[in-house]
Protein chains: 2
Amino acid sequence: MEYFYICGKRGMASKTKENYIKALFYLHQKNEEISLSDLGAELKVSKPTANDMVKKLKAEGIVVSERYKPIKITAKGKKLAATVIRKHRLSEMFLSQIMKFGWEEVHEIAEELEHIKTGKLFDRMDEILGFPTTDPHGSPIPDKNGNFNKREYRRLSEMPVGSTLIIKALRDSSAEFLQYLNKKSIKLGTKISVEHVEHFDGSYTIAYNGISNRVFGKSICDRLLVEEV
Amino acid sequence: MEYFYICGKRGMASKTKENYIKALFYLHQKNEEISLSDLGAELKVSKPTANDMVKKLKAEGIVVSERYKPIKITAKGKKLAATVIRKHRLSEMFLSQIMKFGWEEVHEIAEELEHIKTGKLFDRMDEILGFPTTDPHGSPIPDKNGNFNKREYRRLSEMPVGSTLIIKALRDSSAEFLQYLNKKSIKLGTKISVEHVEHFDGSYTIAYNGISNRVFGKSICDRLLVEEV
DNA sequence: ATATTTTGTTAGATTACTCTAACTTTATAC
DNA sequence: GTATAAAGTTAGAGTAATCTAACAAAATAT
Ligand SMILES: [Mn+2]
Ligand SMILES: [Mn+2]
Ligand SMILES: [Mn+2]
Ligand SMILES: [Mn+2]
C-alpha cells in the first residue's frame, strides 16, 4: 500500500538533496562537466551513493546525465542552488554584521541555517542588512531570482610590482585561512601595495595598514582576490 | 559489515528524536505518566511508530517504560528536552525582539531553529537579548543547566470580579489565538480589570487600554494567564 | 462478569540515505 | 595497441523513520 512520506512539503528538496545541489553548482563553476568522483569527494560520500542521488536529481530535472557520461546541472538546478546559496550567504552576513560573529565562525552555522524552509526569515535578514550584495568573504549573494552579480576580481598572485590594490574577496573561506588572515590583520577592504615580487617562489612583499615589508607566500596570494584602486 | 551512520556527531539526538523528547516533556508536564497514544497524537505519527521510538529512547536512558505500562521521562530526558526548549524559546525571543517578527510568526521558525547544533548561536542570542527569562508568549526560558524558573500564574477564568490584573503568559500559543489577541490589542503586560463575570457561561466583561465593557468567552479567559497587580 | 472500547504490540513493508565489494567501461600511459 | 589506472555501475545490505493491518492486553461500561 502506498503512502506519502513527508519531509517538509511535497516536492521540496531535503537537506541532503540541497547539499548535493549546492555541491553540483560549485563543481560546475570550476568545470562545466561534473564527475561522480568529484561529487562524491565534495560531499564525502561514496560513488554509488552519489550515483543514486544523481539518478533522483535527474528524474527531477535538476541535472542531465547519461550512463558513463559526465553530469551537467540544468537551469532549474542552478536556480535551486542559488536559493540555497542565497540563504547561506545572507545567514553569514547576518551572523557577522548583526550578531558579531567572526568571519571564521559564520560558515559552519550558515551550513545549518541554509536549510531552513521559512523564506521570510531570510527576507527579513536581507532587509535588516540593507540588501547586501556580498557575504563576509566577498562572495556574491544571489538575488531572489537566482541571479549572481558576479564581479571578476584578480588574484593577488597575478598582480605586478607597484600595484595599489584593495582586498575584495577570498578564494578560500576555510576557518584556518580566515584565522591566518586575522593574525595578519587582513580584512576585506584592506588597502595594499605590492613592493616586490620574488619570481623564484612567487612570494610577495607588500605594505598595508601603514607597515611595509610584509612577506606572503604564493599560496596565500593565490587565495586573495583584489581590485586595482 | 557494520559501519557508523553519522547524523551529526555520535550520540547526538537527531531532529526527529529531539521532537519526541520535547513532546514527552510537554506531555509529562500535564501528566506524569505518558501514554503512547498521546505521544503519537502529539507528533502526528502512528502508535507503532511512537512505540519504536520509545524503545530507542529507553535504550538511551531518556525514558523508562515497560510493556503495557505508561512511559516516564527520566532526568536525562528532561535535561535534553530543556536544552531544545531553551533553543526554541531563545529563538522566538530573538525573532520577536531583534528581528521584529510578530509573536504569531515566531513559533514556526523556532521549530526549525531549535535543531541547530551550534550552541554558540543561542548563547549569542541570549547575550544580545540580555539574558531573558521568558519567551514572547510568557513561557519560561530554561537556563543552560536545564532549570525552569517556573512562575505559577492564575487563569483569567479563575479570577473574581473587581480584580486588577496583568496578562503574563498564554496557555495556547497557536498562531490563530495570537492573531485573535492581536485583533483585540491584547499583549503581554496589558493591564485589565474584571468588571463582570457571567456565571452562566463563564464569560468575562473586562476593561483594558482605557476601554471598558469588553466581553470575552470562557475559552479565551481559560487561555490567558494573569497576575494580580 | 461479560462485552466493548481503548491502548499497546507485532509483523511486514516503504522511502531516504548510506555503505562495501565486485564488476564494467572509459581514459591514460608506455 | 595493449596494460594499467581511473571512473562509473550493479548488487546486496544496513540504519532511521515511517506506514497499515492484525492481534493482544488493559481499562471501562453495562
Ligand atoms: Mn560559507
Ligand atoms: Mn548545508
Ligand atoms: Mn513556540
Ligand atoms: Mn522542531
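Note: CE (A/Met53) to C1' (C/dC19) measures 14 Å, nearest angstrom. Across the protein-nucleic acid pair, A/Lys17 atom NZ and C/dA16 atom C1' stand 9 Å apart, rounded to whole Å. Between B/Tyr20 atom OH and D/dA16 atom C1' the separation is 11 Å, expressed in whole Å. Following rounding to the nearest Å, B/Leu39 (CG) and D/dA17 (P) show an atom-to-atom distance of 13 Å. For the pair B/Leu43 CG and D/dC19 P, the interatomic distance rounds to 10 Å; values are reported in whole Å.
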* To do: Would you sort out whether A/Lys117 and B/Glu111 count as a salt bridge (Lys or Arg N to Asp or Glu O under 4.0 Å), showing the intermediate values?
  => CA-CA 11 Å; A/Lys117 300 297 169 203; B/Glu111 203 58 51; over 6 Å; no
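Within the 4.0 angstrom heavy-atom criterion, only backbone atoms of the sugar-phosphate kind lie near B/Lys44; the bases stay farther away. Across all strands shown, B/Thr16 has heavy atoms under 4.0 Å from sugar-phosphate atoms exclusively, and none from any base. Contact annotation for A/Ser46: base contact, defined as any heavy-atom pair under 4.0 Å involving a base atom.
Listed by chain and number, the residues in a side chain to side chain donor-acceptor pair (under 3.5 Å) with B/Ser157 are B/Asp222 (sequence neighbours excluded). For A/Thr133, the side chain to side chain donor-acceptor pair (under 3.5 Å) criterion is met by no residue, not counting sequence neighbours. For the side chain to side chain contact (heavy atoms under 4.5 Å, CB included) test, residues two or more places apart in sequence or in another chain that qualify with B/Ser46 are B/Pro48, B/Thr49. Every residue meeting the side chain to side chain donor-acceptor pair (under 3.5 Å) condition with A/Lys120, not counting sequence neighbours, appears here in chain and number order: B/Glu105.
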* **Per-nucleotide protein contact string for nucleotides 5-10 of chain D, where B marks a base within reach and S marks sugar-phosphate only (heavy atoms under 4.0 Å, - for neither)** => --BBBB
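Residue B/Lys56 places at least one side-chain N or O closer than 4.0 Å to OP1 or OP2 of D/dA17. Contact check, B/Thr49 against D/dC19: a side-chain N or O comes under 4.0 Å of OP1 or OP2.
Sorted by first and then second residue, the side chain to side chain donor-acceptor pair (under 3.5 Å) pairs involving residues 77-90 of chain A (not counting sequence neighbours) are A/Arg86-A/Asp126, A/His88-A/Glu92, A/His88-A/His107, A/His88-A/Glu114.
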